[in-house]
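This report refers to the structure that appears directly beneath it.
So that the names make sense, note that chain A is the first sequence line, chain B the second, and so on, each numbered from 1. These numbers come from the heavy atoms of this one structure, side chains and all, not from hydrogens, waters or symmetry mates.
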Amino acid sequence: MGFYRKFSSSVDARQVFGEMTKRSLYQWNTLLKSLSRDKLWEDVLCHFSQMFRDEEKPDNFTLPVALKACAELREVKYGEMIHGFVQKDATFGSDLYVGSSLIDMYAKCGKMAEALRVFDELEKPDIVTWSSMVSGFEKNGFPSDALEFFRRMAMAPDVTPDRVTLITLVSACTKLSNSRTGRCVHGFVMRRGFEKDLSLLNSLLNCYAKSRAFKEAVNLFKMMAERDVISWSTVIACYVQNGAATVALRVFNEMMDNGTEPNVATILCVLQACAAAHDLEQGCKTHELAIRKGVETQVKVSTALVDMYMKCFSPEEAYAVFSRIPKKDVVCWVALISGFTSNGMAERSIEEFSKMMLENNTRPDAILMVKVLGSCSELGFLEQAECFHSYVIKFGFDSNQFIGASLVELYSRCGSLSHASKVFNEISLKDTVVWTSLITGYGIHGKGAKALETFDHMVKSSEVKPNEVTFLSILSACSHSGLIHDGLRIFELMVSDYRLVPNPEHYAVLVDLLGRVGELDTAIEITRRMPISPTPQILGTLLGACRIHQNGEMAETVAKKLFELESNHAGYYMLMSNMYGVKGEWENVEKLRNSVKNRGIKKGLAESLIEIRRKVHRFVADDNLHPEKEKIYRLLKQLGLHMKEDLEKSVYFESEGVSLCDSVYAEA
DNA sequence: TTAGGGTTAG
């Protein structure tokens with residue numbers, strides 16, 4: 001047996017090797033293999049160099065191991081040296097093991113031209129060398145070249161793709177979001193007898209999920225004979241990404257009943273589902289699961305928990321998790337800061353941001369800055385906006401388009417359209433988001449004509465195209481300024497010229513536009529004729545319009561439908577109750593309020609509370625409306641309790657910012 | 001007696 005034996009670790013191998021006085025080539029190879037098995041790449045190269053010094057000539061077994069180490073360490077210079085050695089010796093020229101290792105080394109070091117040169121010199125490449133090329137293109141960000149190379153391979157004689165090739169290919173399709181090719185590969189997989197290959201099917205599942213082939217993903221999952229934790233997690237994430245968070249949670253429970261043990265990745269996507277479904281109960285259960293598995297303080301898990309608690313309207317629980325994170329990164333700060341803002345606590349966001357800057361061990365990035373500017377814009381203090389603007393310039397973020405757009409939005413929300421348009425004009429490369437921000441700014445200040453002018457300018461003088469959000473902004477601007485004909489024209493433009501499919505929000509704005517000017521019949525007609533079924537948001541808007549124009553009969557019809565769809569949104573009940581109130585139908589008011597109480601509607605109340613807070617903030621932020629904003633703002637700090645105690649009254653005044661603020665002011 | 005390519009949930 002001699003030196004050869006299966007070492008349980010490279011430590012044993014090295015020890016035995018060290019004690020030897022004379023080493024054969026085979027013994028060198030065994031040692032190198034053993035080191036590579038333990039991923040001790042530096043040691044591999046170190047011993048490989050030693051081998052040269054001992055004048056032992058490496059053979060076709062040694063070279064792949066050394067090249068693998070170069071690939072893993074991205075040591076292209078060393079790899080090139082080995083390549084030089086290979087070229088001097090004709091015996092290596094036709095060796096496919098050496099060839100594929102060279103290709104892989106160059107590919108991993110990002111040198112695809114060199115990899116291709118090696119490949120082209122091979123007389124008869126086999127499946128592994130072909131696959132190495134496909135994988136190289138895929139890894140270096142050229143997925144379409146990977147597909148092209150695969151096509152070349154399919155034409156070559158004597159090579160048949162195996163499971164590794166197919167997995168690489170599916171990965172390329174995923175990167176291209178190309179579910180069509182994914183489907184072809186799927187067909188091939190089934191025909192060639194790979195239909196039971198779990199990793200391959202999981203890759204396909206992921207490809208469908210990522211390339212918006214929702215139905216295909218679900219169908220594939222349903223017909224899989226075997227599923228592992230990856231299959232389940234992929235499909236759960238797929239449901240979440242397609243807006244079906246409740247289904248995602250159901251699938252998760254099915255997975256647990258099935259006896260599949262969840263892991264960190266599962267926990268992460270389930271937390272996302274809880275956040276999207278605002279399901280605090282399931283969220284807490286998942287939190288317990290994370291604790292039991294000992295992964296709660298992993299920064300990704302904690303971040304997902306912070307996000308979940310924030311989206312479930314529990315900012316203090318979120319903060320508790322956040323404060324336990326041992327190594328905070330910029331992403332978890334983003335979750336905290338944006339979470340406070342969306343809970344109507346923008347001031348807290350700014351405080352936390354200051355803390356982060358003081359701690360001085362996390363560098364803000366562009367995303368964080370966008371969030372902070374967003375928090376600032378919720379508060380609406382011009383001086384603070386200017387301060388953050390100078391910060392943005394100081395740290396060199398001002399060339400970022402997203403930040404540019406946020407600044408435009410910030411200044412317009414602070415009531416300074418002149419600052420907003422100044423920032424806008426200074427942005428050299430204006431993308432759709434930047435244009436949209438300015439249009440939105442004009443819209444929220446009731447400057448519909450300016451918004452239309454900007455929109456026209458965007459369409460005529462720039463190369464960027466308006467998208468769904470731009471249309472939502474411009475439609476909303478028209479609605480707020482009562483520009484009904486322009487609004488209808490724009491809606492038509494969106495559908496016929498830009499071929500954009502209106503989403504429920506667009507229909508809601510359209511209904512709002514018509515509702516505001518009393519065109520209730522037309523609004524109803526539109527909800528009947530639109531290709532989607534009416535959402536609570538659309539019906540809610542319609543109900544709001546009925547209230548403005550005091551059309552009780554229509555309101556009751558709409559409300560009936562609305563309550564069927566959304567039975568626990570307190571705001572809609574309050575809207576209806578308000579209508580009855582105005583007409584003095586107190587019996588109906590009482591009936592509705594009781595039904596709210598009996599249903600134990602809480603989440604809806606929390607949502608309304610946040611909405612109200614936002615509205616008050618915005619109202620207070622507006623310079624023109626209130627010169628004493630600082631004073632009121634201090635009072636608003638104590639708002640939480642006041643609002644909760646007097647919630648119904650607050651909701652009652654929801655759309656009249658002035659009355660609401662006055663009532664808060666008076667109370668305090 | 002020893003050697004080469006791969007992926008997937010977040």
Using atom [atom1] of [X] as one end and atom [atom2] of [N] as the other, report the distance to the nearest whole Å.
X        : N     : atom1 : atom2 : value
A/Leu220 : B/dA9 : CG    : P     : 14 Å
A/Met224 : B/dT8 : CE    : P     : 15 Å
A/Phe92  : B/dG4 : CZ    : P     : 16 Å
A/Leu96  : B/dA3 : CG    : C1'   : 12 Å
A/Ile230 : B/dG6 : CD1   : P     : 17 Å
A/Leu271 : B/dA9 : CG    : C1'   : 14 Å
A/Leu166 : B/dT8 : CG    : P     : 15 Å
A/Glu261 : B/dA9 : CD    : P     : 20 Å

For [X], which residues count as a salt bridge (Lys or Arg N to Asp or Glu O under 4.0 Å) partner, sequence neighbours excluded?
X        : answer
A/Asp43  : A/Arg14
A/Asp95  : none
A/Lys355 : A/Glu352
A/Lys210 : none

Check every strand shown and say whether [X] touches a base, only sugar-phosphate, or nothing at a heavy-atom separation below 4.0 Å.
X        : answer
A/Asn263 : base
A/Lys33  : sugar-phosphate
A/Asp104 : sugar-phosphate

Counting only side-chain heavy atoms from C-beta out, which of [options] sits nearest to [X]?
X        : options              : result
A/Arg163 : B/dT2, B/dG6, B/dA9  : B/dG6
A/Val65  : B/dG5, B/dA3, B/dG10 : B/dA3
A/Ser171 : B/dG6, B/dT8, B/dG4  : B/dT8

In [range], which ones come under 4.0 Å of DNA chain B, going by heavy atoms?
range                       : result
residues 234-257 of chain A : A/Thr234, A/Ala237, A/Gln241
residues 184-210 of chain A : A/Ser199, A/Asn202, A/Ser203, A/Asn206, A/Lys210
residues 123-145 of chain A : A/Asp126, A/Ile127, A/Val128, A/Thr129, A/Ser131, A/Ser132, A/Ser135, A/Lys139

Between A/Asn29 and A/Asp59: side-chain donor-acceptor atoms closer than 3.5 Å: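 The answer is yes; a qualifying pair exists.
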
Counterpart residues, side-chain contact (heavy atoms from CB on, under 4.5 Å), relative to [X] (two or more places apart):
X        : result
A/Ser144 : A/Leu176
A/Val170 : A/Thr174, A/Val185, A/Leu200, A/Ser203, A/Leu204, A/Cys207
A/Glu55  : none

Counting only distance, no hydrogens or angles, is the base of [N] paired donor-acceptor with the side chain of [X] under 3.5 Å?
X        : N     : result
A/Ser101 : B/dG4 : no
A/Thr165 : B/dG5 : yes
A/Asp95  : B/dG4 : no

Stacked pair A/Tyr97-B/dG4, distance under 5.5 Å, angle under 30°: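 Per 5.5 Å and 30° rule: no stacking.
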
side-chain hydrogen bond (donor to acceptor under 3.5 Å, both in side chains) partners of residues 180-194 of chain A, not counting sequence neighbours, each pair once: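 For residues 180-194 of chain A: A/Asn178-A/Thr181, A/Ser179-A/Arg183, A/Arg183-A/Glu216, A/His186-A/Tyr208.
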
Crowding at CZ, A/Phe402 (>12 non-hydrogen neighbours, <6.0 Å):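 Open: at most 12 neighbouring heavy atoms sit under 6.0 Å from CZ of A/Phe402.
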
Residues A/Lys39, A/Glu72: salt bridge by 4.0 Å N-O rule: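 Looking at A/Glu72 together with A/Lys39, the answer is no, because their closest N to O distance does not fall below 4.0 Å.
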
Ring geometry between A/Phe137 and A/Phe142 (parallel below 30°, tilted from 30 to 60°, perpendicular above 60°):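 The arrangement is perpendicular - the two ring planes meet at more than 60°.
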
Residues in side-chain hydrogen bond (donor to acceptor under 3.5 Å, both in side chains) contact with A/Ser375, at least two apart in sequence or another chain: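 If we apply the side-chain hydrogen bond (donor to acceptor under 3.5 Å, both in side chains) test to A/Ser375, skipping adjacent residues, the hits are A/Thr341.
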
